[in-house]
Amino acid sequence: MGSGRDKRKKVTGKKPGAGAGKTERKTELNESKKGRRQERAAQGGEDDIDALLARFRLQDEKHTSVEKDNEVLLYGGEWYDGERDKMYVYGDVYVLNVDKQTWKRVISPNGPLPRTSHQAVCTRTALWVWGGEFTSLNQEKFRHYSDLWRLNLADWTWEQIPSKGGPSPRSGHRMVLHGKQLLLFGGFFDNGKETRYFNDVWSYDTEELRWMLLGPKAGHTAPSPRGGCQLALTGDQLYIFGGYSVKKAEPDSGGCSGSLAGYSFLPNKKKGGKGEEDEGKGVVHDDVWCLDLKSLEFERIKRQGMAPNQRTAFGLVTHRKRAVLFGGIMDQEGKASKLEGWHTSGDRVYSELFNELYQFNLDSRRWFPLGLRIPKKAVKTEAAAGAAPAELVEEQQQQQQPAQQQDASSRHSSSSLPPGVSPEMHAVLQRMLADKSGLVHTAAATIQANFRGYRAYKTYRLGGEISELLYSPATYGLDLSSKDLIKPRARAAPMLCVLRNTMWMLGGQVEIGHTDIVLDDLWSLDLSKLDGWKCLKANTATDDAFRELSDGEWESGTDSDA
């Protein structure tokens, strides 16, 4: 009987559904079930974080890679739709070809989830991305990341890198490349119940793939916890500029309330949650610190030279032996009756946006304005129209000479004084400046609040020489001889980078009335020639939105010409 059964098996062959066919059908069935599970997981409201991220994963699986042709990389970010009051967060990569001045979107599958307020550092072969946050459309819920990703530039493929033992989840931190190390400082964490700011320094070895905590050392001097600062690296010295934090104790005189809540330098405002009054007082930091990467000791840098006034959300890049600063915002609280010319209504916050250029010499540790060299044709045109005299143009050009960027031993010599200020006048002004309740201080505050640029130059002169005090910050930040030249609109949070000797700037944010407008214009500036800004792409926002400036809805106190 046994042999008969064996014969029947040979005749009938294998059972239906057995072997490779069965395995293939099971695989298809499992993939189908997986797809249905993912679709169910992706169903949810606008504030369902898990559902939103699941939808991004589904879209990501349909993406394919494209050919590389890159110069400048942009990853992720956010866009606020003021009309619908929605926040959109992105996880895509864009490439700017600086020669053709064209953008290309790079779609690479299996990458990090969308995020904003993260940091990305580029090496010769890869783009490294760490941290950041994701917010729901209505900004009701937030999620902070602590993952590390690497985008390989050879084939545009993403790879998640082991990141255990490193910094806690956060956003608003800053990161720079030091040799084969990623250096990370600061940031904040906000889960809707509490907001924490950090001042820790971490190093990540891109070869050994491990984190190391560098500081601050217990009991040693260090910058206060903050987010949204800027970093500059020269040799083994890491400079930290400014930042923002919330102080829950009694506010100090340097504090201010932030209004651009969507950015990393400010805590997010949740609808129906605790207001800023419950959270504490916003503090804008205007200090500069230096971390010696050999001794791991912090040093607070004395504020010297012609420094920018207090602000946050400014852009900063490193070019040779200097750090270049542009833009920013400063919010103040006040009443209309006390500040003539400001469009305020009772007690409220008003904002001042900036579009000046400053440079910080990393050797002498001294601030200087970064004046532009006006073309000769423009000089003739302005002279014919009664503009700034040629002597002023020469003074502005002399500001760029290395002789002004002296070391500490010669900082108080006459050659280090601002243009047009004699040593005698400097001494007199210093004595007058000591009395902060005196007339000079009051006049300076009035000029700074109501006059900018060439108007201040024409209106206020002392004995034929320009006053260092009264002419600040107009002399120290604006291009007096090129007042009619095109330049970017004043803004907060501009995105800057340097490629060779050219600084590129993309977008930022402005406030018109109570509405935030995100900019997408593209500008370039040759940092060697300093021959003026070039607008490569105008804003997508229509001119009608910006015409409200003339109707008194603009909340900036600066002149902005573009």
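What you are looking at is a predicted structure, and each value in this text was computed from that prediction instead of being measured.
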Heavy-atom donor-acceptor pair, His144 side chain to Asp190 backbone, under 3.5 Å: yes
Could you tell me which non-hydrogen atom of Asp200 sits nearest to which non-hydrogen atom of Pro216, and how far apart they are? CA-CD, 3.9 Å
Spatial distance of atom CG (Leu536) from atom CG (Leu522) [nearest 0.5 Å]: 4.5 Å
Going by the rule salt bridge (Lys or Arg N to Asp or Glu O under 4.0 Å), which residues pair with Lys217 if we only count those two or more places apart in sequence or in a different chain? Glu297
Lys141 backbone acceptor or donor facing Arg143 side chain under 3.5 Å: no
Identify the two heavy atoms, one from Pro223 and one from Phe185, that lie closest to each other, and give their separation to 0.1 Å. CG-CZ, 3.9 Å
Note, Ile329 side chain near Thr312 side chain (heavy atom, < 4.5 Å): yes
Working to the nearest 0.5 angstrom, can you tell me the gap between Thr135 OG1 and Phe142 CZ? 4.0 Å
Got Val324 and Leu370 here, is their nearest side-chain heavy-atom distance under 4.5 Å? yes
Counting only N and O atoms by type, is there a donor-acceptor contact under 3.5 Å from the side chain of Arg174 to the main-chain atoms of Gly186? no
How long is the straight-line distance from CE of Met212 back to CH2 of Trp202, given to the nearest 0.5 Å? 10.5 Å
Would Val288 and Ile240 count as a side-chain contact (heavy atoms from CB on, under 4.5 Å) here? Give the steps. CA-CA 6 Å; Val288 178; Ile240 301 168; over 6 Å; no
Heavy-atom closest pair (Asn539 atom, Leu519 atom, distance to 0.1 Å) is OD1-CB, 3.3 Å
Measuring only between side-chain heavy atoms, which start at C-beta, is Tyr94 closer than 4.5 Å to Leu506? no
The single option from Phe298, Phe360, Trp289 that satisfies ring-ring contact (aromatic ring centres under 6.0 Å, His included) with Tyr239 is Phe360
Glu83 meets the salt bridge (Lys or Arg N to Asp or Glu O under 4.0 Å) criterion, sequence neighbours left out, with none
Looking only at the aromatic ring of each residue, does the gap between the centers of Tyr75 and Trp149 stay below 6.0 angstrom? no
Between Gln181 and Asp205, does the side chain to side chain donor-acceptor pair (under 3.5 Å) criterion hold? Intermediate values first, please. CA-CA 5 Å; Gln181 309 284 326; Asp205 192 311; 3.2 Å; yes
Using side-chain heavy atoms (C-beta onward) and a distance below 4.5 Å, is Lys104 in contact with Asn97? no
If we only count heavy atoms from C-beta on, is the Leu238 to Leu233 side-chain gap below 4.5 Å? yes
Short question: side chain of Thr123, backbone of Ala126 - any donor-acceptor pair under 3.5 Å? yes
Under 3.5 Å, side chain of Asp81 to main-chain N/O of Lys86, donor-acceptor pair present? no
For ring pair (Phe, Tyr, Trp, His ring centres under 6.0 Å), just list the numbers for Trp523 and Phe326, CA-CA rounded to whole Å, side-chain angles, deciding distance to a tenth of an Å, and then say yes or no. CA-CA 12 Å; Trp523 295 76; Phe326 174 82; 8.8 Å; no
Looking only at heavy atoms, what is the nearest atom pair of His118 and Gly131, with distance? CB-O, 3.2 Å
Criterion side-chain contact (heavy atoms from CB on, under 4.5 Å) on Tyr358 and Phe314, from CA distance to verdict: CA-CA 11 Å; Tyr358 288 90; Phe314 53 86; over 6 Å; no
Nearest 0.5 Å, please: how far is CG in Leu296 from CG in Leu214? 5.5 Å
Donor-acceptor under 3.5 Å (Thr157 side chain, Asn152 main chain): no
When you measure from the side chain of Arg311 to the backbone N and O of Asn309, does any donor-acceptor pair fall under 3.5 Å? yes
Step by step, work out the side-chain contact (heavy atoms from CB on, under 4.5 Å) result for Leu184 and Gln119. CA-CA 9 Å; Leu184 184 148; Gln119 282 289 278; over 6 Å; no
Between the NE2 atom in His285 and the OG atom in Ser245, the distance rounded to the nearest 0.5 Å is 3.0 Å
Measuring only between side-chain heavy atoms, which start at C-beta, is Leu357 closer than 4.5 Å to Lys487? no
Sub-3.5 Å donor-acceptor pair from the side chain of Gln509 to the main-chain atoms of Ala493, do we have one? no
Will you find, in the side chains of Asp85 and Tyr80, an N or O donor that is under 3.5 Å from an N or O acceptor? yes
Taking all atoms of both residues into account, what is the closest heavy-atom pair of Val95 and Leu73, and its distance? CG2-CD2, 3.5 Å
Any heavy-atom pair between the side chains of Val72 and Val98 that's under 4.5 Å? yes
Could you grab the distance from atom OG1 of Thr221 to atom CZ of Arg300, nearest 0.5 Å is fine? 10.5 Å
Can you tell me if Arg491 uses its side chain to pair, donor with acceptor, with the backbone of Gly327 under 3.5 Å? no
ring-ring contact (aromatic ring centres under 6.0 Å, His included) test vs His173 passes for just one of Tyr145, Phe188, Phe198, Trp130, namely Trp130
Give a yes or no on whether Lys537 atom NZ has more than 12 heavy-atom contacts from other residues, nucleotides or ligands under 6.0 Å away. yes
Between Asp287 and Phe241, is there a side-chain heavy-atom distance shorter than 4.5 Å? no
Considering all heavy atoms, the nearest Glu133-Ser171 contact: OE1-OG, 2.6 Å
Evaluate side-chain contact (heavy atoms from CB on, under 4.5 Å) for Leu177 paired with Leu182, printing each intermediate quantity in order. CA-CA 5 Å; Leu177 181 67; Leu182 304 179; 3.8 Å; yes
